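Note sheet for the following structure.
The chain is numbered in sequence order, starting from 1. Treat the numbers as computed from the prediction; the structure is a model and nothing was measured.
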Amino acid sequence: MTFQSFDNWWWPFLFVLVAGGLATDIWRFLGVHFGGRMSEQSEALVFVRAVATALVAAVIGNLIVFPSGSLAETAPALRMGAAVAGFAVYLLSGKRMLVGIVTGEAALIAGMAMGW
């Protein structure tokens, strides 16, 4: 069975739901099940947190270096500057994630509005 197996309008939605669910939801449920029993300082949980942080950093780096869509039309300096501004405000605000994200997005949107 492949993505092109059926011509029905609903098939792509069902395919994404099932394929995406099988690939991710099982691991999320297992993580919640086993993670609730572990100490936050355990080596396994520290490792999982480090891997998750590395994956987020890789996605952000990928968006800066190899952008797509509207982001590809912006200057690399704008993308990097928005990321640096967001990270700096995150650190200065006492590591409040939402404040850093909003700052980075605001810097990016402002730069795009100015045509950078």
Side-chain angles (χ1 to χ4, degrees):
M1 182 180 295
T2 65
F3 181 74
Q4 284 88 15
S5 293
F6 300 104
D7 289 334
N8 299 343
W9 66 269
W10 50 265
W11 173 243
F13 299 105
L14 181 64
F15 187 86
V16 168
L17 183 68
V18 172
L22 289 176
T24 61
D25 288 344
I26 292 170
W27 300 110
R28 289 178 182 166
F29 292 133
L30 287 173
V32 169
H33 177 70
F34 291 117
R37 299 178 184 178
M38 297 175 73
S39 165
E40 283 193 38
Q41 305 305 321
S42 70
E43 288 185 30
L45 210 51
V46 170
F47 175 74
V48 167
R49 197 173 315 131
V51 170
T53 302
L55 287 171
V56 170
V59 168
I60 292 170
N62 196 24
L63 287 171
I64 292 172
V65 177
F66 304 112
S68 62
S70 297
L71 198 56
E73 298 172 8
T74 62
L78 173 61
R79 296 189 300 265
M80 181 61 81
V84 169
F87 185 64
V89 171
Y90 163 77
L91 291 176
L92 293 171
S93 68
K95 295 188 177 181
R96 289 209 229 122
M97 193 178 312
L98 184 60
V99 175
I101 291 170
V102 169
T103 300
E105 287 181 5
L108 187 62
I109 291 169
M112 290 173 77
M114 289 189 233
W116 291 351

Would you say [X] and [Y] are hydrophobically clustered, going by side-chain heavy atoms of ILVMFWY under 4.5 Å?
X      : Y      : answer
Val89  : Leu98  : no
Val32  : Leu30  : no
Ile109 : Trp116 : no
Val51  : Leu45  : no

Side-chain donor-acceptor distances from residues 53-68 under 3.5 Å, at least two apart:
residue: Thr53; atom: OG1; partner: Arg49; partner atom: O; Å: 2.9

(message) Could you check whether any side-chain heavy atom of Phe87 comes within less than 4.5 Å of a side-chain heavy atom of Val84, counting everything from C-beta outward?
(response) no

(message) Atom CE of residue position Met38 - does it have more than 12 heavy atoms of other residues, nucleotides or ligands inside 6.0 Å?
(response) yes

(request) Answer yes or no: are there more than 12 heavy-atom neighbours, outside Trp9 itself, under 6.0 Å from its atom CH2? (result)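 No, not enclosed.
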
Provide the closest heavy-atom pair for [X] versus [Y] in the form atom of the first, atom of the second, distance.
X      : Y     : value
Met112 : Leu78 : N-CD2, 3.8 Å
Leu71  : Arg79 : O-NH1, 3.3 Å
Tyr90  : Ser93 : O-OG, 3.1 Å

(message) Would you compute the distance between atom CH2 of Trp27 and atom CG of Leu22 and round it to the nearest 0.5 angstrom?
(response)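 Trp27 CH2 to Leu22 CG: 12.0 Å, rounded to 0.5 Å.
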
